[in-house]
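Have a look at the structure below, then the notes.
Just so you know, ligand 1 is whichever comes first in the structure, and atom 1 is the first atom listed for that ligand.
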Amino acid sequence: MSIFYDEKNRLFRLDTSKTSYVIGIYQENYLLNFYYGKKISDMHFENFCKRNPSASFSLANPVIGENGFTPDTAPIEYGCNGAADFRISALAVRNYNGDNVTDIRYLSHRIFKGKKSIPQMPTTYANSDDEAETLEIDAIDSVTGALVTLSYTVFENHPVMTKSVKIKNTSDKTMFVERAFSGCYDFNSMDFDMLTLWGRHDKERNLCRRPLAHGVQGIESKRGVSGHSQNPFVAFAKAGATEDYGEVYAFNLVYSGNFSALAECDHNCSTRFIMGINPSDFEWTLAPNEEFYTPEVVSVYTPDGIGEMSRIFHRFYNNNLVRGKYKTEKRPLLINSWEAAYFDFDKEKLVAFAHEAKKLGVEMLVMDDGWFGKRNDDTNSLGDWFVNEEKLIGGLKPLIDGVNAEGLKFGIWYEPEMISPDSELFRAHPDWHVHVDNRTPMLGRHQYVLDVSREDVRENIWNQMYKVLSENKIDYVKWDFNRNISDAGSALLPPERKKEFFHRFILGTYDLMNRLVTTFPDILFEGCSGGGGRFDPAMLSFSPQIWTSDNTDPIQRLYIQFGTSMCYPASTQGAHVSACERTGYETKGNVAMWGTFGYELDPIKLKEEDKEIIKQQIADYHKYYWLIRKGDLYRIISPFDDSYYAAWQIVAEDKQSFLFTFVCMRRCSHRTCFIKFKGLDPNKMYKCSLDGESYSGEFLMNVGMNFTEMANRDGKSFTVYFE
Ligand code: GLA
């Protein structure tokens, strides 16, 4: 890994062990994006900007002359608004007199070891300065005085690059940032399929694959959060690329708020892609010398298919995104009270759960929603983060003591960014919810959103949370967020800053989360938003796991987990076995074993035979814990491609062992079921847990195994372990 600068030809090359990214400084200091792809070692970009002349109705820079170079078709490194680059722009800055033409040119650069963080925002990180190298390029718009710093980091052990942008007002007048994307990427082709993850509550992250077409296409969120509807993930797979073969570029935004990811295929059949904060409902005022930072976008390139793209993300996020104690320590196996009791519990019931769960091997009881204010249903009390003593007589201490006495750790639920109109907090502060003047804000699940862009609001919530968490022995916090943001506005923002609200809200959330994880480093955090409505890399920087979906039906979960695995590792996918009756406990366990694993049911109501299955599952959970969390995922049969089967394989880092799981979603009477395994060492012998035979990796990957007899049983599943 290295970043080179070829001074003579004015070219930067950013290399990882497998990829190169080349930026050139062209005439008149235009910054151009010459190449992104497989690693190269020589650079010849003299003719690179020549485009088909018949395609031109394009404009020339008069200093350069009409020699074929035009900003309209050149691969501009960070496309700006209004100066003859007519494609989707990454940056638009309006100056004091209302002009918003923006045109940045190279000024200077720095190359240094390591990676900087972004103020107030979560990012990926380098574990040591030797692991990464960073290039910062300063580019100036001489008219507005916007000084733009483009930051790039490449990593030693991962074919990954990150980009982010800083904009500084170097003029003596106020300027307004109308749009500031995190990254801009120009490709010389439009021969790609675009892969995105769409969804809704209970049906998160379904895979969508469509060929790129002329014009603008893309995904976005205007919900105030990354959201269920579209995940901030986009991949471009060369047409024909599959799970195992073909070129893939993929992008994931480390941000939890409104985002936009747009691809434009232009009249030259080239593609520009931009990803960052959604410019609609956004504008940022910069007084002289003030700075604005975008979030960071992570990009992956691989010539080895969609599966390898996912594994690159997984390894990178496990090592360079997730942080804190539970990045490396084993996490306690939990049972959550939600589906077992909803709001109807007291100390005795929860301690009885703990007593029964302990016998099965569970290690932690999580008390979900309903413990605070006067909350017995979802119509009230959000914001009142003190114990509901009518329900939990004597407060939290007797309950936690009771649970601990059963030998279990204890976890609790919060929804800190929300306020119920029926709450003491609302009655005391009727202007603390997100709203605009003269409009009655929309309700979602009977609740408003609390304006955490305000420091006084955050302080109040922080003090309430701090009291509970510091006075009690709490090992886990589930941080929920159960509606989207409408009627967006903050009572404190002046009119010219109203459009800063959405981003300020997210910065407020990050501030609260950061205080929490740094003040309570021993607490395990799990993110949540109506299931997996805020499953993004920024949240993973605070909570090493996120509840993947409220949908615990194991067959429907397959789609959700396969989709989520596009870029998020198994270690981050909250997955529980529930009482859902769709399949037996074996299949529910096999599916949940993919993720963090846990239970979401009333253990007292379990049948004896199911308890035996669960005990075995928990033994398996311990046996395969590190294999699943550190191993490489191979999707063998995806439910998005097959109506009958789903199968996946997790291979240990050292390729000494692997676990294979197969689920029959629907019995198929006409198929034989041969499985060819992937990612093994062809020269190693693998002993199969089914028949005790040893097979070579070569045999297993080329001939495979015949599972026809076991495969065709409706709703049934099996796992096979090889070592
Ligand atoms: C959300 C979560 C659930 C549960 C409920 C509690 O829907 O996704 O897991 O915590 O809130 O109200």
Side-chain angles (χ1 to χ4, degrees), residues 199-205 223-229 231 256 334-345 349-350 353 364-385 388 391-392 410-423 443-450 465 474 476-485 524-536 539 543 545-554 556-557 560-561 564 568 572-580 588 592 595-602:
R200 45 157 287 172
H201 178 235
D202 262 354
K203 188 172 170 46
E204 289 90 341
R205 287 171 293 284
R223 295 167 181 276
V225 286
S226 44
H228 293 90
S229 295
N231 196 264
S256 314
L334 69 86
I335 188 164
N336 177 295
S337 69
W338 180 241
E339 289 190 31
Y342 296 104
F343 297 98
D344 178 20
F345 57 81
K349 191 175 206 173
L350 293 178
F353 281 176
M364 178 161 72
L365 177 94
V366 174
M367 172 176 65
D368 209 279
D369 194 353
W371 60 270
F372 51 91
K374 57 180 178 66
R375 190 142 161 117
N376 289 314
D377 56 38
D378 62 11
T379 60
N380 60 73
S381 297
L382 293 167
D384 297 345
W385 300 109
N388 177 348
K391 195 182 267 188
L392 297 172
F410 180 80
I412 200 166
W413 181 95
Y414 274 100
E415 199 178 351
E417 301 143 281
M418 294 291 160
I419 182 165
S420 306
D422 180 5
S423 64
L443 281 168
R445 209 192 187 202
H446 314 285
Q447 64 202 51
Y448 292 141
V449 182
L450 196 54
M465 292 181 82
I474 291 174
Y476 164 108
V477 166
K478 179 172 169 185
W479 180 305
D480 213 334
F481 187 96
N482 278 318
R483 61 161 286 179
N484 291 154
I485 305 179
L524 170 61
F525 290 92
E526 178 150 1
C528 180
S529 173
R534 202 159 60 172
F535 206 125
D536 60 57
M539 283 296 143
S543 56
Q545 57 193 57
I546 298 176
W547 181 227
T548 311
S549 176
D550 279 342
N551 190 335
T552 50
D553 174 310
Q556 291 175 35
R557 260 283 175 146
I560 297 167
Q561 292 180 184
T564 304
Y568 304 110
T572 65
Q573 287 205 39
H576 296 167
V577 173
S578 76
C580 145
K588 291 192 275 194
T596 58
F597 198 74
Y599 291 87
E600 183 113 4
L601 46 75
D602 181 344

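Side-chain contact check for Asp536 and Ser256: at least one donor-acceptor pair (N or O, by modelled atom type) lies under 3.5 Å. Asp422 and Ser420 share no donor-acceptor pair across their side chains, judged by distance under 3.5 Å alone. Side-chain atoms of Gln573 and Tyr568 include no donor-acceptor pair closer than 3.5 Å.
Per-residue contacts place Lys478 under 4.0 angstrom from the following atoms of ligand 1 (heavy atoms of the residue considered): 3 (C), 4 (C), 9 (O), 10 (O). Close contacts of ligand 1 with Gly530, meaning ligand atoms under 4.0 Å from a residue heavy atom, involve 7 (O), 8 (O). The ligand atoms of ligand 1 that sit less than 4.0 angstrom from a heavy atom of Cys528 are 2 (C), 8 (O).
Within the 4.5 Å cutoff, side-chain heavy atoms of Lys374 are placed close to those of Asn380. Glu204 has its side chain out of reach of Asn231: every pair of non-hydrogen atoms, C-beta onward, lies at least 4.5 Å apart. Between Leu392 and Met367, the closest side-chain pair of non-hydrogen atoms falls below 4.5 Å.
For atom 12 (O) of ligand 1, the closest non-hydrogen atom of the protein is Asp369 OD2, 2.7 Å. Looking at atom 10 (O) of ligand 1, its nearest protein heavy atom turns out to be Asp368 OD1, 2.6 Å. At the top of the distance list for atom 11 (O) of ligand 1, counting protein heavy atoms only, stands Asp480 OD2, 2.9 Å. Atom 3 (C) of ligand 1 has its closest protein heavy atom at Asp550 OD1, 3.3 Å.
Residues forming a side-chain hydrogen bond (donor to acceptor under 3.5 Å, both in side chains) with Trp371 (at least two apart in sequence, or on another chain): none.
The N/O atoms of Trp338, backbone and side chain alike, include none that comes under 3.5 Å of an N/O atom in ligand 1. Polar contact check, Ser529 against ligand 1: no nitrogen or oxygen pair lies under 3.5 Å apart. Residue-to-ligand polar distances place Gly531 within reach of ligand 1: an N/O pair is separated by less than 3.5 Å. Of the N or O atoms in Glu600, none lie within a sub-3.5 Å distance of an N or O in ligand 1. Geometrically, ligand 1 and Arg375 share no nitrogen or oxygen pair separated by less than 3.5 Å.
Of the heavy atoms in Asp378, none comes closer than 4.0 Å to ligand 1. In Asn482, the part holding a heavy atom less than 4.0 Å from any atom of ligand 1 is the side chain.
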Enumerate donor-acceptor pairs with a distance under 3.5 Å from any side-chain N or O in residues 443-450 to protein atoms, sequence neighbours excluded.
residue: Arg445; atom: NE; partner: Asp378; partner atom: OD2; Å: 3.4
residue: His446; atom: NE2; partner: Asp378; partner atom: OD1; Å: 3.4
residue: Gln447; atom: NE2; partner: Glu415; partner atom: OE2; Å: 2.8

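Note: Phe372 and Trp413 have parallel aromatic rings, judged against thresholds of 30 and 60 degrees for the angle between ring planes.
In this structure, CG in Asp480 is found 7.5 Å from CG in Asp369, a value given to the nearest 0.5 Å.
Remark: distances from the non-hydrogen atoms of Arg445 to ligand 1 include one below 4.0 Å.
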